[in-house]
Amino acid sequence: MRWSQAFIPTLRDDPADSEAVSHKLLVRGGYVRQLMSGIYSMLPLGQRVRDKVMAIIREEMNAINGQEFLLPNLHPREIWDRTGRTVSFAEVLMTFDDNKGSPVVLSPTHEEIFATVAGELTSYKQLPQMWYHIQTKFRDEPRPKSGLLRVREFTMKDSYSFDIDEAGLDVQFDNHRNAYLRIFERLGITAVPVAASSGAMGGKESVEFMMQSDIGEDSVVHCANCGYAANREKATSAIPDVDDPPESGALEVFDTPGVRTIADLEVFEGGAVADRQIKTLVYVLDGEFALLLLRGDHALEEQKVQDGTGASEVRPAHEEEIRALLGADAGSLGAVGVDGIPVYADHALSGRSSMTTGANENDKHIRNVDVARDIAVTKWLDLRSVEDGEGCPNCGEPLNLFKAIEVGHIFKLGTFYAEPLGVNVLDEHGKTVPIVMGSYGIGVERNMAASIEANHDDKGIVWPLEIAPFAVVITVIRPDDAATMDTAEALYANLWGRGVEVLLDDRDERPGVKFNDAELIGIPYRVTVGPRGIAEGMCEVVDRRTGESTEIAIDSAADEIAGLLGV
RNA sequence: CGGGCUGUGGCGCAGCUUGGCAGCGCGCCUGCUUUGGGAGCAGGAGGUCGUCAGUUCAAAUCUGACCAGCCCGACCA
C-alpha cells in the first residue's frame, strides 16, 4: 500500500473524549472512529489488525479440533425465554419486534443457538464436538467506556463444546485454557487465568483471563507464592481470628446518640472496635428482603450474595424500605431477635461472642451479642470482599490485589442449556442423557485494545509483529527525487514479492511528520530511504520497539529485512 | 438509574459572565521556497454555534424542554 493513497487519518491531538491510552492511540492513529456511544467504525488499519487477531484465534481454535460456523445475529426471543435469559440478560439484551410483530433479539452471545443446532446430535458416538464462530455481539451496556474495551457492538469468538460427560468437558476446558494462553502470548498480552463467578452465563465453574491494568474494571487477587488467583468477586482469604471473651454476658441495649456508622461506634464511649461489631445490611434479593451480616471492618462483595443465595437480582434496600421493615434507619440495624426475614451471615462471624450491633431502634445498640445464641442465621455464606495483603487461602502468604481487564472467559456450563432446550443424546446404554456443554469467549476488539494497553510508548503503538497492520514501512525522505523513489519502489516490490506486508510512505511530507506517523501507528520496522543514504548505497532500519537503528546496504536490504521478519 | 461536566469548521479550543460582523491554533486547497525528527511566505476553502421552542429590534450568548457525548457511582461474560 502507498501511504499517499491510503486512508490513514492520523491526528496530532488526543481526542477530547478519551481517557484510556488504547482509545487515544486507536483514534489518533486512524484505526477507528466512533459513531455513537460504544459503537465504532473500523478504518482500514483497524480492520487489518482485527483480521490478524481473528486469524490467530482461528488457528488456535482449529488446532484444538474446532469447527467454524457462522450463526445468525437475529434470534426469536422465544428461545431466550426458554433458558430464562431474557430475564438474566435483560439489561443488555437488545430486543424489538420485527415488521410482523414477532419479538426478536440481537444476539449478545450464542449458547442458545449453538445448543439448538446441537439438537441434531443423537448419539454419544458423535461426541465430543467443538464448534465455534467469530461473530458480532450486541450488548446494550449501560455504560460503554475506554474506546474498544467496553462497547455495545463487538466481535467475539465464542466456542462451544459438547461432551457425553464431565470428564470430556474437563478435557475440552483444558484445551481451551491452553489455546487461550497461546493466543494471548501471540497478542503480546500477559494474562493470568483466575477462578471467577459465572454470573449470567449460568453453569458452575469458570475461568477468566485477566491482564493487569489500572484501567481494568475487575479486581483480581493473586498469590505470588503459590499461584492462587481469583476474581475478587469470588476470591477468599485467610484472616486471623479475633479473640473474644470466652462467654457473652446478658444482652444489653444501650444508648448511642448520633452513632450512625461503624467508625462512630468505634470512638463512642462504651462502643466497640470494628472487628467486634456486626454490620447489618438490608438487601432485596429477587424482590424479597434479606439481612446480610458481616464483621464491622469487612466490606460486602455483592456478586457473592448472588452466587451464595442463587438470587438473580440483588440490590440494597431503600431507606424507606429499611425503616418499614425494621423500624430504624441504616446505622442502627441488627439481626438480634429478627425472625421472618432470611439472615445470611459471613463465615467471619461464626462462633463470635460479645459482639456489638444495632438494636433496630435509632440511637440504640446492643452489646454482649453471642452470634450462635442470639441470631437465627438462615445460612452461612462467604460474603466478604478480600483486601490487599490478606493471607492466601492456600498458603497463607500475603495476597496481591490489582485491577485487570478481562480478556477472555471460559465456562463449564454442564447441562444448564441442554436441559431446558432438550439437547440430548443416547448414551452407550441406550439411555437419553443431556449433553454436557462448555462455552468459551474471547473479544476480538477488546484484545486489540488490550494489546495496545500492554504495547505502547509515549510516541504511539508498538504492535507485536504478528498483528501489526503492516510489518514494514518504507519512509521515503525525498519522494520527489527520482533516484530515491526508484530505490524505494524497488525495495517495496521486492518485499511484497516475498510476501512481506509493506507500507510505502511516498507522501510529500517533511521527514519528521513521516517518522512520527510511522511511530504513532506502530509499524514494527521502519526502513528509511533518502538521497543521503543512497549516495553511500545505504538505508536505515529502525526497530519500533527498541528504537535500535541499523545501517544496511541497499543491495542486501530486502534479504536482511526478510531475515528480521523470519520469512 | 443517581451525581458531575461538555456540545462552536476535520481535530483541539476561545467567545457566553455583561445579547450587537463567528474567532484562534493545527489540519485542508493553490503557488513559491524548503526537506534525515511535526517547515516558511503568500493566497484560499470550509461552521443551520447539538435540536426544538421561548424572551428580544437583535440570541453562540438569556430561559425551558429534549437529544448526544464524556467522567464518577450503580450495573456488567
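Chain naming here is simple, since letters A, B, ... match the order of the sequence lines and numbering starts at 1 in each.
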Across all strands, who's sitting opposite B:U18 as a Watson-Crick or G-U wobble pair, both distances under 3.5 Å? none
Would you classify A:Arg28 as touching base, sugar-phosphate or nothing, given that sugar-phosphate means primed atoms plus P, OP1 and OP2, and contacts are heavy atoms under 4.0 Å? base
How do A:Gly441 and A:Arg152 order along RNA chain B: which one's closest nucleotide is nearer the 5' end? A:Arg152
If pairing means Watson-Crick or G-U wobble with both distances under 3.5 Å, then the partner of B:U55 is none
Please work out if A:Met156 contacts a base, only the sugar-phosphate, or nothing of the nucleic acid, heavy-atom cut-off 4.0 Å. base
With C1' as the reference atom in both, quote the distance from B:G12 to B:G4 in angstrom, rounded to an integer. 23 Å
Would you check if the side chain of A:Asp388 reaches a backbone N or O of A:Leu401 as a donor-acceptor pair within less than 3.5 Å? yes
Pull out every protein N or O sitting under 3.5 Å from an N or O of nucleotides 32-36 of chain B, one pair per line with the distance.
unit_1 : atom_1 : unit_2   : atom_2 : d
B:U34  : O2     : A:Arg510 : NH2    : 2.8
B:U35  : O4'    : A:Arg510 : NH2    : 3.2
B:U35  : O4     : A:Asp480 : OD2    : 3.3
B:G36  : O2'    : A:Arg532 : NH1    : 2.6
B:G36  : O2'    : A:Arg532 : NH2    : 3.4
B:G36  : O6     : A:Gly530 : N      : 3.3
B:G36  : O6     : A:Gly530 : O      : 3.4
B:G36  : O6     : A:Gly533 : N      : 3.1
B:G36  : N2     : A:Glu540 : OE1    : 2.4

Both distances below 3.5 Å, Watson-Crick or wobble geometry, any strand: find the nucleotide opposite B:C66. B:G50
Paired with B:C28 by Watson-Crick or G-U wobble geometry, both distances under 3.5 Å: which nucleotide is it? B:G44
Do any side-chain nitrogens or oxygens of A:Gln34 fall under 4.0 Å of OP1 or OP2 in B:C70? yes
Any side-chain donor near an acceptor of the partner, A:Thr309 and A:Tyr344, under 3.5 Å: no
Ring center gap for A:Phe114 and A:His133 short of 6.0 angstrom: yes
Rounded off to whole Å, could you give me the CG-to-P distance for the A:Leu520 and B:G37 pair? 19 Å
Does a donor on one side chain and an acceptor on the other come within less than 3.5 Å for A:His176 and A:Ser159? yes
Go through A:Thr155 and A:Lys137 one step at a time and tell me if the side-chain contact (heavy atoms from CB on, under 4.5 Å) criterion holds. CA-CA 6 Å; A:Thr155 315; A:Lys137 309 285 166 177; over 6 Å; no
Please give the nucleotide sitting opposite B:A39 as a Watson-Crick or G-U wobble pair, both distances under 3.5 Å, or none. B:U33
Examine A:Trp131 together with A:Tyr160 and report whether their ring centres are nearer than 6.0 Å. no
Would you please say whether a donor-acceptor pair under 3.5 Å links the side chains of A:Gln172 and A:Asp163? yes
Tell me what A:Lys145 touches on the nucleic acid: a base, only sugar-phosphate, or nothing, going by heavy atoms under 4.0 Å. sugar-phosphate
For B:C52 and B:G40, measure between their P atoms and round to the nearest Å. 40 Å
Less than 3.5 Å apart, any donor N or O on the side chain of A:Asp506 or A:Ser4 sitting next to an acceptor on the other? yes
So for A:Glu519 and B:G38, does any side-chain atom that can act as donor or acceptor lie under 3.5 Å from a complementary atom in the base? no
Given atom CD of A:Glu302 and atom P of B:G73, what is their separation to the nearest angstrom? 14 Å
Should B:A74 form a Watson-Crick or G-U wobble pair with both distances under 3.5 Å, which nucleotide is its partner? none
Residue set satisfying side-chain contact (heavy atoms from CB on, under 4.5 Å) with A:Ala317, at least two apart, ordered chain then number -> A:Val282, A:Val284, A:Phe289, A:Glu321, A:Ile322
Are A:Arg77 and A:Thr95 linked by a side-chain donor-acceptor pair shorter than 3.5 Å? yes
I want to confirm an ordering. Mapping A:Glu208 and A:Gly38 to their closest nucleotides on RNA chain B, which one lands closer to the 5' end? A:Gly38
What are the residues of residues 12-24 of chain A, sorted by number, that bring a heavy atom to within less than 4.0 Å of RNA chain B? A:Arg12, A:Asp13, A:Asp14, A:Pro15, A:Ala16, A:Asp17, A:Glu19
Indicate, with a heavy-atom threshold strictly under 4.0 Å, whether A:Phe209 touches base, sugar-phosphate, or nothing. nothing
So what does A:Val92 touch, heavy atoms closer than 4.0 Å: a base, only the sugar-phosphate, or nothing? nothing
What's the CG-C1' distance between A:Leu11 and B:G10, to the nearest Å? 8 Å
